[in-house]
Amino acid sequence: MELFADRFGMNLTVFAGYELRKKGSSVWIVRSDPRLPALARLKVRSVGLLLLRQVGRYLKPTSAALQLFGAHAERNFVTLTPKELEELVEKGEIEGDFPVTPGYVIICLGDLPVGCALSLPPRLLSRLPPLFRDKNVAVLALRNEGNRELLAIEPRPPGVSARCTSLHKTKNGAPCAPLLKD
Amino acid sequence: MVTGKEPERSQRRGRKRRLRSPAKTLPEPPEARFSRYREMIPEFSAFCRSLYAALPTHLRVNTLKASTTENRLRLERRGLSLALVVQTDLVLRAASLPQPGTPVEYALSLFHPQALSSVVTALAVAPAPDHLLLDLCTSPGSKTSLLAQLMKNRGVVVANDSSSSRLATLTANLKRLGVTNTVVTCYSGQQFPLHGRFHRVFVDVPCSTEGTLRAGVHGTIPATIRPRPGLVALQRALLLRAFDLLEPGGMLVYSTCTYDPQENEGAIQFLLEQRLARIQPIVLDFPHSPGLTRWQETLYDPSIQHCWRIYPHQLDTVRFFLARVTRDV
């Protein structure tokens, strides 16, 4: 949790009532409950929300976790305009003078935490989930600000599912009963 | 050289191919397709008319991330025309959003496109934040995430599905929606271990899915759906196991999205005959019809009238059957 305190200046009381589970190189956050140990008798696939993933020597916070807890960050967050976010999503990186230190940062759109990016000044590299790379999402996010006409949905290429979940697949890991064991 | 095993294997393959081949059915108008339910469905002509309409888009607000008011304002600033579904403060009806999975708010999981009847089903479970809840047939996770939302991301939701591939979709949805109180398992529902007991069990069983058919959505309605062998037996086995997993005083909700009384009232009747179960009234304010107490020559327990049948002409959404069952202390 030091990552969230040191890097993002979060008050760790934000995480009161949660506990962490480690499996392989990933850390999951789950709401504390006295009945969780008893559930370890089940063959558990996963618990709670993926919080951190080991990338090389570093721990990378997931965008899903930052969307949930990122509003409590005091530093190392970048507020982008819709146009900058579009560019970040489309090109994978943008350049600029962002008030952050090198490392993982939180991307915000207005007051909304959107996800994770990597700051390598002057570059900002997208670490947003694949869902954001769905062309429809990116286009609509940025072109239809207050403009009713632009809400018309662009046609999907043939064979592309309308269900965004199909673009956002998780790995099917082996049963992870140890997640519920200390 | 022909071995003794080859004919057997080829026969098996041929049988498998036959089972997997799509049903050869001609499209029929809804009036003909559902004529066998004419006596059962109130205002049958209005029901048939409703099947020609497009399915409205309902957006369930993810209150784990933003309030309904915030979300509504945010989407309306984008030019969306939204109406709050009056019976619940969780659902917005979007008139001009044919593909709800597109605005960036979807990627941010501020809302989740979900049929209104599916929301009603989860509301009927009425979980409390301290509950231990089991969703026995969980994927793709819309109702599961709503149950977690109703529990304010507290307590524990055990989300189970028999299919690993479907669990991938479930996990992605739970992650996107910011759910932190789930434990995901992969058992055949009817064999879920009896290690512990749950305050609430929700079992949305596999069914013949007649209630999801709309000419306004699919273009045509197939004349028949190929019956899945063993489906009714599977539904009953799931329901029995769901009941056995309840703690005394606990409550289960059984739901399907089909009209067929055999899969609905028939399953509940079977449970009442097998276990000391009690049907409870559903205290929600949505248009519906009562459960059947008679279908053709079959009589059902009078308490089954407390179950709900939601028809598309009553609540403009897909059809659902739901029953609340308690286990006596």
Side-chain angles (χ1 to χ4, degrees), chain A residues 17-18 28-31 33 35-36 38-39 41-50 62 64-65 67-68 82 85 109 112-115 128-129 131-132 134 136-142 144-151 153-154 156 162-172 175 179-180, chain B residues 64-66 70 74 77-81 96-110 113 129-130 132 140-141 148 151-161 164-165 167-187 192-193 195-196:
Chain A
Y18 292 93
W28 303 68
I29 188 165
V30 61
R31 180 71 77 168
D33 192 280
R35 293 160 296 198
L36 279 179
L39 293 171
R41 295 173 69 185
L42 299 171
K43 289 180 187 169
V44 175
R45 286 296 184 97
S46 64
V47 290
L49 184 78
L50 186 58
T62 63
Q67 287 173 13
L68 206 58
L85 181 59
L109 183 63
L112 273 179
V114 171
L128 294 170
L131 182 58
F132 282 86
D134 177 3
N136 286 331
V137 170
V139 169
L140 282 172
L142 308 160
N144 63 20
E145 281 282 317
N147 187 337
R148 183 183 292 267
E149 289 176 5
L150 290 174
L151 271 173
I153 309 295
E154 294 197 349
R156 289 193 313 279
R163 294 182 68 87
C164 287
T165 46
S166 65
L167 298 164
H168 191 195
K169 288 179 178 164
T170 55
K171 288 177 187 170
N172 248 338
L179 276 173
L180 283 176
Chain B
L64 297 178
K65 293 201 172 177
E70 284 171 325
R74 198 183 299 278
R77 274 201 301 269
R78 292 191 178 283
L80 283 181
S81 171
S96 56
L97 192 60
Q99 273 186 298
T102 43
V104 75
E105 282 78 7
Y106 176 80
L108 295 175
S109 66
L110 299 181
D130 62 339
L132 179 58
M151 294 167 71
K152 304 183 192 308
N153 243 346
R154 296 171 187 275
V156 182
V157 177
V158 177
N160 178 74
D161 203 281
S164 284
S165 56
L167 281 183
T169 310
L170 166 79
T171 313
N173 275 331
L174 294 179
K175 184 180 169 194
R176 186 179 59 79
L177 289 158
V179 176
T180 57
N181 66 340
T182 48
V183 172
V184 178
T185 60
C186 185
Y187 291 98
F192 192 90
H195 293 326

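By convention in this document, chain letters (A, B, ...) are assigned in the order of the sequence lines, proteins followed by strands, and residues within each chain are numbered from 1.
Legend: residues meeting side chain to side chain donor-acceptor pair (under 3.5 Å) with B:N160, ordered by chain and number and at least two apart, are B:T185.
In terms of heavy-atom proximity, A:R31 sits nearest to B:R154 at NH1-NH1, 3.8 Å. Across every non-hydrogen atom of B:T171 and A:S46, the tightest pair is CG2-OG, 4.3 Å. Of all heavy-atom pairs between A:L42 and B:H195, the closest is CD2-CD2, 3.9 Å.
A heavy-atom distance below 4.5 Å is found between the side chains of A:Q67 and B:S109. Within the 4.5 Å cutoff, the side chain of B:N181 has no heavy atoms near those of the A:D33 side chain. Annotation: side chain of A:V114 is in contact with side chain of B:L108 (closest heavy-atom distance under 4.5 Å).
Contact of B:V158 with chain A is made through the side chain alone, with heavy-atom distances under 4.5 Å. Looking at B:L174, only its backbone comes within 4.5 Å of chain A, counting heavy atoms on both sides.
In terms of heavy-atom pairs under 4.5 angstrom with chain B, the leader among A:I29, A:T62, A:L112 is A:L112. Ranked by heavy-atom pairs under 4.5 Å with chain A, the first of B:L64, B:L177, B:D130 is B:D130.
Note that CG of B:N153 is 7.0 Å distant from CG of A:L68, once rounded to the nearest 0.5 Å.
Although no hydrogens or angles enter the test, the distance criterion places no donor-acceptor pair under 3.5 Å between the side chain of A:R45 and the main chain of B:V184.
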